[in-house]
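Notes follow once the structure below has been shown.
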Amino acid sequence: MLKINEVEIKERLIVAPMAGISNEAFRELCFEFGAGLVYTEMVSDKAIYYRNNKTMDMLKIGNEHHPVSLQLFGSDVNTMVYAAQVLDRETNCDLIDINMGCPVSKVVKTGAGSAMMKDEEHTVEIVKEVVKHVSKPVTVKMRLGWDLQHMNYVSLAKKLEDAGVRLIALHARTRSQMYEGLADWSHIRILKENLSIPVIGNGDVKSVEDFQRMLDETGCDAVMIGRALVGNPFLLKQIDDHLHGHETGKYDASDKLDYCLIHAKKLIGLYGEKNALSQMRGLAPHYLTGMYGAASYKARLNQIRTYDDLENIIEEYRGFLIQKEQLI
């Protein structure tokens, strides 16, 4: 178990922030399957400063499942402090995370995300001010650096630790690598050896075996998983079984189809059918990834407008699998 100030993280299994995915419905599924800490999708300091309605709705965290880390991105000292204070005083989050890892252009061109690693002095100033003005623990998610020629993760992380950061998650790629190539886990071990605060390893964990190998190879305090969970929350349960010495559960195509519908129902309960199905158009096809004869059904799922549309396609596909003796 990790303890960050008064926040207890009881499992070494952490769910990464994912834009358009890490909402309350997804977080609930993750906790049900054994996650120890779940991040929200990142929110903009400027959007909080201007009280953007959509962004303020994204800050809502239920009472049932914790701990939750609310991730913030921005590059201006004043608005970052203001936004962090809103998270601290007006939300139910347990940790406030500062994003220094997002590689997408629309974020880095503002000086936020992984661009923060290019100017250590300014970045440390932001972090010091945020830590000074909030009571909740402040954490950071970062990359190795801007590119392979500028991998400054150790020097920056040490300064962030001195500034009061209580935990660092390291995605073992540079910004220039985006999500390509293989994450180099050796850097997670190096960071762990250089810090006294907890280090979470992140990058290319797609199986129970990957999870255990990252722990063994890096000595990290916990492992963060992101994209591998989209359409496959069962991976969390399998890792949770492994961590507790239980036989690893087996989940088949029918289980995935069931949870596609469960996920949709949770979203509808939170956001209404129209908004929920808008999200499910992007999420539902992932539940069919790798399944027999799924291509045409995945294409149809991209067009759904109602829950009945979703359920009819899922059940039609289930019947197809049974007919083809792929699901018994």
Side-chain angles (χ1 to χ4, degrees), residues 2-5 7 9 14 16-17 37 39-40 42-43 45 67 69-85 87-88 93-103 107-108 110-147 150-175 183-203 218-224:
L2 291 177
K3 193 166 184 180
I4 312 299
N5 293 6
V7 179
I9 303 171
I14 314 298
L37 170 67
Y39 284 58
T40 68
M42 65 181 185
V43 292
D45 64 332
S69 177
L70 228 167
Q71 191 181 67
L72 184 65
F73 76 94
S75 60
D76 177 81
V77 175
N78 293 330
T79 51
M80 283 291 282
V81 169
Y82 176 87
Q85 287 179 316
L87 304 191
D88 191 43
C93 74
D94 302 282
L95 303 172
I96 298 170
D97 189 73
I98 299 176
N99 182 299
M100 298 183 191
C102 180
V107 172
V108 299
T110 68
S114 52
M116 292 186 76
M117 301 195 67
K118 297 173 71 174
D119 187 343
E120 292 190 12
E121 184 177 347
H122 180 63
T123 294
V124 172
E125 180 188 4
I126 290 174
V127 172
K128 282 182 178 178
E129 289 302 309
V130 168
V131 170
K132 185 191 304 182
H133 287 91
V134 301
S135 59
K136 292 176 180 176
V138 176
T139 67
V140 164
K141 186 173 188 291
M142 61 162 53
R143 287 194 171 222
L144 300 179
W146 185 253
D147 54 33
H150 302 89
M151 293 201 298
N152 60 324
Y153 65 99
V154 173
S155 64
L156 179 56
K158 286 182 174 181
K159 293 173 184 176
L160 295 174
E161 180 176 19
D162 291 341
V165 165
R166 304 296 298 131
L167 174 151
I168 290 179
L170 179 65
H171 182 152
R173 286 183 174 89
T174 64
R175 187 271 173 175
D184 188 344
W185 295 355
S186 67
H187 295 289
I188 300 171
R189 174 180 50 78
I190 292 169
L191 187 63
K192 176 60 184 171
E193 291 171 351
N194 278 275
L195 298 182
S196 59
I197 58 175
V199 171
I200 298 175
N202 177 221
T218 72
C220 63
D221 298 279
V223 173
M224 178 180 282

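The first residue of the sequence shown is numbered 1, and numbering continues consecutively from there.
The main-chain N or O of S196 is found under 3.5 Å from a side-chain atom of E161 such that the two form a donor-acceptor pair. Between the side chain of N5 and the main chain of V7, no donor-acceptor pair closer than 3.5 Å is present.
No more than 12 heavy atoms of other residues, nucleotides or ligands shown are found within 6.0 angstrom of NZ on K128. For H150, the NE2 atom is loosely surrounded, since the number of other residues' heavy atoms within 6.0 Å does not exceed 12.
Side-chain atoms of I200 and D221, non-hydrogen and from C-beta on, never get closer than 4.5 Å to each other. Looking only at side-chain heavy atoms (C-beta outward), V154 and L195 stay at 4.5 Å or farther from each other. Contact check for I168 versus M142: side-chain heavy atoms found under the 4.5 Å cut-off. Within the 4.5 Å cutoff, side-chain heavy atoms of P198 are placed close to those of I4. M117 places none of its side-chain heavy atoms less than 4.5 Å from the side chain of T123. Contact of the Y153 side chain with the N194 side chain is not registered, since no non-hydrogen atoms from C-beta on lie closer than 4.5 Å. In this structure, the side chains of P67 and L95 stay at 4.5 Å or more apart for every pair of heavy atoms. R166 places a side-chain heavy atom less than 4.5 Å from the side chain of I197.
Taking A83 as the reference, D45, I48, L72 meet the side chain to side chain contact (heavy atoms under 4.5 Å, CB included) condition, with sequence neighbours excluded.
A pairwise comparison of heavy atoms in G145 and N152 identifies CA-OD1, 3.6 Å as the closest pair. Here the closest non-hydrogen pair linking S186 and D184 is OG-OD1, 2.6 Å. Heavy atoms only, all atoms of each residue included: V77 and H122 are closest at CG2-CE1, 3.9 Å. Between S75 and A112, the shortest heavy-atom distance links the atoms CB-N, 4.0 Å. For the pair P103 and R143, the tightest heavy-atom approach, listed with the atom from each and the gap, is CG-NH2, 3.6 Å.
The distance from atom CD1 of I190 to atom OG1 of T218, rounded to the nearest 0.5 Å, is 11.0 Å. Atom CD1 of residue I96 and atom CD of residue Q71 lie 12.0 Å apart, to the nearest 0.5 angstrom. The CG atom of D94 sits 12.0 Å away from the CG atom of L87 when rounded to the nearest 0.5 Å. In this structure, CG on L160 lies 9.0 Å from OG on S155, to the nearest 0.5 angstrom. Of the inter-residue distances, the one linking Y39 atom OH with M224 atom CE reads 4.0 Å to the nearest 0.5 angstrom. In this structure, S114 OG and H171 NE2 are separated by 10.5 Å, a value rounded to the nearest 0.5 Å.
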Check the pair K132, E129 against salt bridge (Lys or Arg N to Asp or Glu O under 4.0 Å), reporting the backbone distance first and the verdict last. CA-CA 5 Å; K132 185 191 304 182; E129 289 302 309; 3.1 Å; yes
Given the rule in the side chain to side chain contact (heavy atoms under 4.5 Å, CB included) test, do M116 and V140 qualify, once you have shown the distances and angles that lead to the verdict? CA-CA 11 Å; M116 292 186 76; V140 164; over 6 Å; no
I14 and I9: CA distance, side-chain angles, deciding distance, side chain to side chain contact (heavy atoms under 4.5 Å, CB included) verdict: CA-CA 9 Å; I14 314 298; I9 303 171; 3.9 Å; yes
Determine, stepwise, if the pair V108 / W146 fulfils side chain to side chain contact (heavy atoms under 4.5 Å, CB included). CA-CA 10 Å; V108 299; W146 185 253; 4.2 Å; yes
As a quick check of understanding, evaluate side chain to side chain contact (heavy atoms under 4.5 Å, CB included) for T40 and C93, giving each step before the final call. CA-CA 9 Å; T40 68; C93 74; over 6 Å; no
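Remark: the S135 side chain and the D88 side chain contain an N/O donor-acceptor pair separated by less than 3.5 Å.
Checking V131, V165, V127, T139 one by one against I98, the side-chain contact (heavy atoms from CB on, under 4.5 Å) holds for a single residue, V127.
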